[in-house]
Amino acid sequence: PEGRKRLFQELRGEAKPEDLSSVEMVQRGVAGEPLIRALFAVENPDWDFYDGSNLLFVSKRKPFMSASLDCIAVHRHTGEVADLEIKEATWSNKWKGDYAPDGYFAQLCHQSFVTGITRCALHPRIYLRHDDGFTTAFERSYEYDMTDPEVEPQVEKLVEDEQQFWDEFKSGKYSPKLNLASIF
């Protein structure tokens with residue numbers, strides 16, 4: 001709830017956005033993202049990969065919703081477009097399962113709705129810190145077809161929750177009960 005309250009305050013100009021530039025994982029992400037994108041290009045020669053971080057997409061259906069993508073992939077022969085989100089993360093139990101953690105999945109749902117891109121993937125590089133101070137990392141990939149009958153209702157529910165948040169923002173009313181990740 002505190003994060004949603006903070007977002008509400010930032011949108012209303014009551015609080016300044018937090019400067020995350022000194023956060024280690026943010027710094028790793030900025031440095032590592034182009035390298036991981038280049039590695040994907042080597043491993044997937046039928047696809048072209050583009051940095052999407054300087055582009056802002058705005059939903060035609062809900063103009064208050066916008067998104068920028070880490071990487072836009074385009075298949076060279078079919079023209080299919082995919083959204084590839086690259087993340088840097090520290091190991092925790094949330095990475096044990098077969099599905100991406102809720103917040104990351106919610107981000108893909110949001111981006112899919114905004115852009116209309118239905119093939120989405122999350123590729124985190126997960127760091128393990130050992131007792132001796134040594135750090136190792138491994139990578140995982142989670143792929144989603146946002147038109148899948150099990151996934152599409154989750155996208156719709158997230159959009160409903162975002163609409164509710166936006167309506168409350170415009171009215172000046174904040175609801176600590178609203179949970180944008182309630183779709184899980």
Got a sec, which residues hit side-chain hydrogen bond (donor to acceptor under 3.5 Å, both in side chains) with Asp148, two or more places apart in sequence or on another chain? none
Side chains of Ile72 and Leu55, heavy atoms from C-beta outward: is any pair under 4.5 Å? yes
Sequence-distant partners of Tyr99, ring-ring contact (aromatic ring centres under 6.0 Å, His included), two or more places apart: none
For Phe49, all residues meeting ring-ring contact (aromatic ring centres under 6.0 Å, His included), sequence neighbours excluded: Phe40
Just checking Trp95 against Phe138, ring centres under 6.0 Å apart? no
Which pairs pass side-chain hydrogen bond (donor to acceptor under 3.5 Å, both in side chains) with one or both residues in residues 119-128, sequence neighbours excluded? Glu80-Arg119, Glu88-Tyr127, His123-Glu139, His123-Ser141, Arg125-Tyr127, Arg125-Glu139
For Asp167, salt bridge (charged side-chain N to carboxylate O under 4.0 Å, His left out) partners two or more places apart: none
Rounded to the nearest 0.5 Å, how far apart are CG of Leu158 and NE2 of His110? 8.0 Å
Set of residues satisfying side-chain hydrogen bond (donor to acceptor under 3.5 Å, both in side chains) with respect to Asn93, sequence neighbours excluded: Lys96
Is there any side-chain hydrogen bond (donor to acceptor under 3.5 Å, both in side chains) pair reaching into residues 55-69, and which pairs are they, with sequence neighbours excluded? Lys62-Gln163
Nearest-0.5 Å distance that lies between atom OG1 in Thr136 and atom CG in Leu128: 4.5 Å
Taking the side chain as every heavy atom from C-beta outward, state whether Asn44 and Asp46 have any atom pair closer than 4.5 Å. no
Between Met65 and Glu162, does a side chain to side chain contact (heavy atoms under 4.5 Å, CB included) hold up when you go through it step by step? CA-CA 8 Å; Met65 294 176 65; Glu162 289 189 56; 3.6 Å; yes
Is there a side-chain hydrogen bond (donor to acceptor under 3.5 Å, both in side chains) between Lys87 and Gln107 once you walk through the steps? CA-CA 12 Å; Lys87 299 296 179 196; Gln107 179 184 1; 3.1 Å; yes
Roughly how far, to the nearest 0.5 Å, is CG of Asp51 from CZ of Arg37? 4.0 Å
In this structure, would Leu35 and Leu122 fall into the same cluster of hydrophobic residues linked by side-chain contacts under 4.5 Å? no
Please name all residues satisfying ring-ring contact (aromatic ring centres under 6.0 Å, His included) with Tyr144, sequence neighbours left out, ordered by chain then number. Phe105
Working note: Cys109 + Met146, criterion side chain to side chain contact (heavy atoms under 4.5 Å, CB included); need CA distance, chi angles, decisive distance, verdict. CA-CA 7 Å; Cys109 291; Met146 299 312 218; 4.2 Å; yes
Are Tyr142 and Val151 in one and the same hydrophobic cluster, where Ile, Leu, Val, Met, Phe, Trp and Tyr link if side-chain heavy atoms are under 4.5 Å apart? yes
Who pairs with Lys170 by side-chain hydrogen bond (donor to acceptor under 3.5 Å, both in side chains), at least two apart in sequence or on another chain? none
Which value, rounded to the nearest 0.5 Å, describes the distance between Leu69 atom CG and Ser53 atom OG? 9.5 Å
Hydrophobic cluster identity match, Leu108 and Ile36, side-chain contacts under 4.5 Å: no
For His130, give me all partners under ring-ring contact (aromatic ring centres under 6.0 Å, His included), at least two apart in sequence or on another chain. none
Just wondering, more than 12 heavy atoms not from Asp131 lying within 6.0 Å of its CG? no
Does any pair with a residue in residues 22-31 pass side-chain hydrogen bond (donor to acceptor under 3.5 Å, both in side chains), and if so which ones, sequence neighbours excluded? Glu24-Arg28, Glu24-Arg129
Nearest-0.5 Å distance that lies between atom SG in Cys120 and atom CD in Gln111: 7.0 Å
For Pro149 and Pro153 the tightest heavy-atom approach is O-CD, 3.2 Å
Straight-line distance of Ile117 CD1 to Asp83 CG, nearest 0.5 Å: 5.5 Å
Tell me whether Phe64 shares a hydrophobic cluster with Val159, the cluster being built from Ile, Leu, Val, Met, Phe, Trp, Tyr side chains joined at under 4.5 Å. yes
For the CD atom on Glu14, are there more than 12 heavy atoms of other groups (residues, nucleotides or ligands in this structure) within a distance under 6.0 Å? yes
I need the minimum non-hydrogen distance between Ala31 and Pro34, along with the two atoms involved. O-CD, 3.6 Å
Verify, without hydrogens or angle tests, whether Ser171 (side chain) and Glu168 (backbone) share a donor-acceptor contact under 3.5 angstrom. yes
With a 4.5 Å cut-off on side-chain heavy atoms, are Lys157 and Glu160 touching? yes
All side-chain hydrogen bond (donor to acceptor under 3.5 Å, both in side chains) counterparts of Thr147, not counting sequence neighbours: Asp145
Please say yes or no: joined through hydrophobic side-chain contacts below 4.5 Å, possibly via intermediate residues, are Leu56 and Phe113 part of one cluster? no
